[in-house]
Protein chains: 2
Amino acid sequence: MTDRPYHHGHLRDTLLAEAERTLREQGVEQLSLRDLARQAGVSHAAPRRHFADRQALLGALAAAGFARLADEVAAAIEAAGPDFPARLRATCAAYVRFATEDTALMELMFTAKSGSASGELAAGEAASGELAAGVGRLFTMVGELIKEGQQTGQLPPGDPERIRLLFMAIARGIAELVIPGGPGAGQADGLLDDAVALFTRGRG
Amino acid sequence: MTDRPYHHGHLRDTLLAEAERTLREQGVEQLSLRDLARQAGVSHAAPRRHFADRQALLGALAAAGFARLADEVAAAIEAAGPDFPARLRATCAAYVRFATEDTALMELMFTAKSGSASGELAAGEAASGELAAGVGRLFTMVGELIKEGQQTGQLPPGDPERIRLLFMAIARGIAELVIPGGPGAGQADGLLDDAVALFTRGRG
DNA sequence: ACCTGAACACCGTTCAAGT
DNA sequence: ACCTGAACACCGTTCAAGT
């Protein structure tokens, strides 16, 4: 109804929010800069001011995704209370929930993480920093959790970094397995139980 | 030099082989049907005879990928000899090697697997059958391995299906972590050791 | 500083027509 | 049965020009 001003004002955020929605509802393939611009009521060249190219937009989405995943893992650990196995399980469950609700975004996050490490995302340098920040925060948090388990004797001793890597690989693997329609869709709870039992076996 | 005949003769296989190479060297984004047709010396509409659309080509690539992964896992288990932990480790190592050498293809395989389950690849129905066949062969093989471990008492008793799912999730998670430039790139061996130790702990 | 409009080279997909 | 050539609607990207 109101005349749209020449300057949009929140274009960057609008584009990101719209992109995340499209990602969730239609997948990466269907994500087009021109389409996003249309939905924002702006010319097709306008996004260029905020994202150097399509890859940069995807990189920014991945960075925001990691930041949110880190938040959700933190909240899940907090909500799980003091019991260590419960905290471990909650971390893994947060991964699974994220993957269930934002499958395409999670896929994008992990390909962006590896792509940026191997220099594939040269265009999105700023986003690459944000991405590393989110990833780092997540890594640190899980690392602290692992050390906590070692201190209370509920995890075996040894390099906590190695244990953290293995645990995160398991969480990611389960999350990838348990996406809508996947072979383990209905088995998420069982897998989480098994994973936690495997890690804390004979130490509960 | 020789005049190209009107009928190519091996167009389908040529396209698949060329596509796999492009995938390895340039990633999915760069994979274009028109480009493939050009490299095969054929008109841009010719691939249409063999692949309904781009998704169908990707589906066929994923199906072939699973068939090859199943072969390589079978060969790895065979080559590992009779020792069970060695066989377990060899399976996981085959995943890692595949992911290292064909990162984009492996990514494609696992998104195709989930996408096909949720009906995203409606176009590639034929490929969907091939894909399920490759996936099934791989699942069965790993399932047999798990049962073998249970029979010799080197794996805990319980539903072998659950253990298989967890093990494959771990293998996939490690493979995703250990791609070129990834955070665990130099730590593949350690992760594999840890994963096997976790599974066979106190039972060696 | 932020956005527009036209332009360029490229795509996937379709379809009548050729061999 | 398999392939061609023209055509259509769509992209990402660039750039002079506008506010």
Side-chain angles (χ1 to χ4, degrees), chain A residues 2-19 22-23 25-62 104 108 112 115 120-127, chain B residues 2-19 22-23 25-62 104 108 112 115 120-127:
Chain A
T2 69
D3 280 17
R4 186 178 52 81
Y6 187 83
H7 288 80
H8 183 284
H10 308 284
L11 185 53
R12 202 191 124 98
D13 291 342
T14 303
L15 291 171
L16 281 176
E18 205 57 56
T22 304
L23 205 53
E25 296 174 359
Q26 324 219 161
V28 224
E29 308 278 312
Q30 298 301 319
L31 193 68
S32 124
L33 283 178
R34 286 179 107 112
D35 218 37
L36 256 26
R38 257 188 304 265
Q39 291 176 253
V42 102
S43 99
H44 67 262
R48 198 64 197 342
R49 278 300 125 178
H50 304 283
F51 304 103
D53 56 19
R54 190 173 183 270
Q55 278 303 318
L57 196 242
L58 295 182
L61 282 172
L108 184 65
E120 203 174 284
L121 290 181
E125 287 178 30
Chain B
T2 67
D3 278 18
R4 185 178 51 81
Y6 186 84
H7 288 79
H8 183 285
H10 308 283
L11 185 53
R12 201 191 125 97
D13 291 343
T14 302
L15 290 172
L16 281 176
E18 204 58 55
T22 303
L23 205 54
E25 295 173 2
Q26 325 219 158
V28 223
E29 308 279 311
Q30 298 300 319
L31 194 68
S32 125
L33 283 178
R34 286 179 107 111
D35 218 37
L36 255 28
R38 256 188 303 265
Q39 291 176 254
V42 103
S43 100
H44 67 262
R48 197 66 197 337
R49 278 300 124 179
H50 303 283
F51 304 103
D53 55 19
R54 190 174 184 270
Q55 278 303 320
L57 196 242
L58 296 182
L61 282 172
L108 183 66
E120 201 176 285
L121 289 180
E125 287 178 31

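The sequence lines fix the lettering, A, B, ..., with proteins before strands; numbering per chain opens at 1.
In this structure, B/Leu15 atom CG and D/dC2 atom C1' are separated by 13 Å, rounded to whole Å. Atom pair A/Arg54:CZ and D/dG12:P shows a separation of 6 Å (rounding to whole Å applied). Between B/Gln55 atom CD and C/dC11 atom P the separation is 17 Å, expressed in whole Å. Rounded to whole angstrom, the span from the NE2 atom of B/His7 across to the P atom of C/dG18 amounts to 15 Å. If you take CD of B/Glu29 and C1' of C/dC11, they are 13 Å apart, rounded to a whole angstrom. As rounded to whole Å, 10 Å separates atom P of C/dT13 from atom CG of B/Leu58. The interatomic distance linking A/Phe51 (CZ) with C/dC2 (P) rounds to 13 Å, in whole Å. In this structure, the CD atom of B/Gln39 is 11 Å from the P atom of C/dC11, given to the nearest Å.
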Report the C-alpha distance between B/Val42 and B/Leu36 in whole Å, list the side-chain angles of each, state the deciding distance to 0.1 Å, and finish with yes or no for side chain to side chain contact (heavy atoms under 4.5 Å, CB included).
CA-CA 9 Å; B/Val42 103; B/Leu36 255 28; over 6 Å; no

Could you go step by step and tell me if B/Gln55 and B/Leu58 meet the side chain to side chain contact (heavy atoms under 4.5 Å, CB included) rule?
CA-CA 5 Å; B/Gln55 278 303 320; B/Leu58 296 182; 4.1 Å; yes

Please walk me through it: do B/Leu16 and B/Phe51 pass side chain to side chain contact (heavy atoms under 4.5 Å, CB included)?
CA-CA 10 Å; B/Leu16 281 176; B/Phe51 304 103; 3.8 Å; yes

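Every residue was checked against the side chain to side chain donor-acceptor pair (under 3.5 Å) condition with A/Gln30, not counting sequence neighbours, and none meets it. The side-chain contact (heavy atoms from CB on, under 4.5 Å) search around A/Ala104 returns A/Leu23, not counting sequence neighbours. Residues that satisfy the side chain to side chain donor-acceptor pair (under 3.5 Å) test with B/Arg38, not counting sequence neighbours, are B/Asp35. With sequence neighbours excluded, the residues satisfying side-chain contact (heavy atoms from CB on, under 4.5 Å) with A/Thr14 are A/His8, A/His10, A/Ala40.
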Nucleotide-level pairing of DNA chain D, given in dot-bracket where Watson-Crick and G-U pairs need both distances under 3.5 Å and | marks other strands:
||.|||||...|||||.||

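When every heavy atom of A/Ala52 is checked against every heavy atom of A/Ala56, the shortest pair comes out as N-CB, 3.8 Å. Across A/Ala19 and A/Leu61, no two heavy atoms sit closer than the pair CB-CD1, 3.9 Å.
When distances are taken from the side chain of B/Leu33 to each of C/dT13, C/dT19, D/dC15, the shortest belongs to C/dT13. Here the nucleotide nearest the side chain of B/Leu11, chosen from C/dT4, D/dC3, C/dT14, is D/dC3. Across D/dT4, C/dG5, C/dC3, the shortest atom-to-atom separation from the side chain of A/Ala46 is found for C/dC3. Residue B/Asp35 has its side chain nearest to C/dC11 when only C/dC11, D/dT13, C/dT14 are considered. Closest to the side chain of A/Arg48, from the set D/dC3, D/dT14, D/dC2, is D/dT14.
Within the 4.0 angstrom heavy-atom criterion, base atoms lie near A/Arg49.
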Hey, what are the protein-to-nucleotides 7-10 of chain C N/O distances that come in under 3.5 Å?
none

